[in-house]
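Structure, as structure tokens:
So you know, we letter chains A, B, ... as the sequences are listed, proteins then strands, and number each from 1.
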Amino acid sequence: MIEAIARRLSDQNSLISGYIRRNQMQRAHQLFDEMPLRNVVSWNAIMSGQTDPHQLHQLFLQMKRAGESPNQYTFSTLISGLLNRLQYVSLVPQLHGLVIHSGLRSDVFVASALMRGYTRLGDREGLRRVFDDVPIKDVSTWNALVVGYMDLGFTVDARIAFDKMPEVNIISWTTLFNGYIKNRDIDQARSIFNKMTQKNVVSWTAMIKGYVRYEKYVDAIDTFVAMLESGTHPNHFTFSTLLDACAGSSMFLFGKQLHSCILKSGMCREVVLLTSLIDMYTKCGEIEVGLHIFESMEKKNTVSWNSIIGGCARHGLAKRALCEFEKMTESGVEPDDVTYVNLLSACVHGGLVEEGERHFRSMGVRYGIQAAMKHYTCMVDLYGKAGAVDKAERLVKEMPFEPDVGVWGALLAACGLHSCYEVGEFAANGIEKLARRNPGVYSMLTKLHGEKGAWSRAIETRNKMIEISAKKQKAGSRIELVI
DNA sequence: GTAGGGTTAG
């Protein structure tokens, strides 16, 4: 009898995890809710399918209330699942306490999750403490230490840890050189990459992305060619990285070639790839193609909407951008901070001051998105370009943080555009404090002084410019690369 | 029967 009950419970647990593997969350939950008896495995299984940190935390609390004791599976699932939302990362030290209390600190899975948690918290000592507490470390524990040190900027410690590792795998190597990429040392990264005896699609893609990140597009493509020559097949991560390179350097022909490769490869339904394609086309001047791909997408998420709103904004289609935003919210996709940057820059391009003001006001109220510096920059730009320099100035003065070069620059540009001498000096002083001897500032000030007829000031500024041998930046163009 | 490292889009 007892055996029969146990078998039934175990079968139901298997079913739950089966549903989760096939992404049938509703079915999993329905079964979980209907189960007359649950054990720790049932809770762990249902928790593993929960991607929302809030819901996950609630499940954990319910589990405790139901009298079930969490085990190592519970903690590793819970901690990992909480890491993608900042407010829940702060629970990591408390959970660490519970882990120690439950006698589970020597479990390598739990330790890895905790180490990633402390890394997120920027807590180097916490990271090290968890690592040191594991008596028998496996290669993943060591890798977590290397990635932690790298993410916190301690490249030397990361290297020491790597050299001490009893065994390394391809993931350790990739973690190491990718750590150097994150810390802006692309040459060191490449030298380690060259030492790898085995490379796979992940390591190749990471190296290519490293070059793209630092705008070394020729190196990125050379590396891609080397990857193909080595017989490694690109996956959707690789393609999306390459499309990013095309978008960043207007390599339209190469971008189109990639598009046809993607179509042939059968990966063309991936949301990330389609979004990369939209971005590539709109940044290469092909807004119509971008819109066409966007319309044809079955599933759209926040990033895909952002890319089309941004694309419309860049192409001066302000009304269309606003219209897409309406469609986005109607379809139930939540906007984020980037959505609003794109939306507000659409308003800047279209001179839509009232719409911009309305959206700027509502982002916090409706969606709880706090206006950041970049949003203020858009608003200053919006007012400035539309000739409301007084409003732009007021906004700069009322901002909840110290303006950065971008904000001051937008204000100064507005003053140049509308010949506002006093505010121009105010903005120039602001920039001067942050970035001394900025040639653009002197150039603009000279213009403003001249317009006002303050010739002695104009000459004074001009001389300052010569003194630091500031020259207006030369315009340049990039020649399209075709392979 | 339940869990973990390295690559992706705005």
Exercise. For the rings on A:Trp173 and A:Phe162, is their centre-to-centre separation under 6.0 Å?
Worked result: yes
For this session: Would you mind classifying the nucleic acid contact of A:Thr302 as base, sugar-phosphate or nothing, using non-hydrogen atoms under 4.0 angstrom?
Result: base
Exercise. For A:Thr275, which contact category applies under a 4.0 Å heavy-atom criterion: base, sugar-phosphate, or nothing?
Worked result: base
For this session: Would you check if there is a donor-acceptor pair between the side chains of A:Asp279 and A:Ser276 at a distance under 3.5 Å?
Result: no
Problem set entry | Check: A:Trp204 ring centre within less than 6.0 Å of A:Phe224 ring centre | no
Seminar exercise, completed: Reading nucleotides 1-6 of chain B from 5' to 3' and marking B where a protein heavy atom lies under 4.0 Å of the base, S where only the sugar-phosphate is that close, and - otherwise, the string is BBBBBB
Problem set entry | Interatomic distance where CH2 belongs to A:Trp204 and C1' belongs to B:dT7 [whole Å] | 14 Å
Exercise. Stacking here means centres under 5.5 Å and planes under 30°; does A:Phe237 stack on B:dT7?
Worked result: yes
Problem set entry | Nearest-Å distance for atom pair CG/C1', residues A:Asn235 and B:dT7 | 7 Å
Exercise. For A:Met150 and B:dT7, what is the distance between atoms CE and P respectively, to the nearest whole Å?
Worked result: 13 Å
Exercise. CG of A:Asp244 versus C1' of B:dT8: gap in Å, rounded?
Worked result: 9 Å
Problem set entry | Short N-O contact, A:Arg124 and A:Asp157, less than 4.0 angstrom | yes
Problem set entry | Protein-nucleotide distance (A:Ile262, atom CD1; B:dA9, atom C1'), rounded to Å | 11 Å
For this session: Give a yes or no on whether the ring-centroid distance for A:Phe32 and A:Trp43 is below 6.0 angstrom.
Result: yes
Problem set entry | Aromatic contact, A:Phe360 with A:Tyr376 (centres under 6.0 Å) | yes
For this session: Using atom CG of A:Asp279 as one end and atom C1' of B:dT8 as the other, report the distance to the nearest whole Å.
Result: 13 Å
Exercise. Can B:dG6 be described as syn, meaning its chi torsion is within 90° of 0, or is it anti?
Worked result: anti
For this session: Kindly state whether the ring of A:His292 and the ring of A:Tyr281 have centres lying under 6.0 angstrom apart.
Result: no
For this session: Take the protein atom CE of A:Met207 and the nucleotide atom P of B:dT8, then report the distance between them rounded to whole Å.
Result: 12 Å
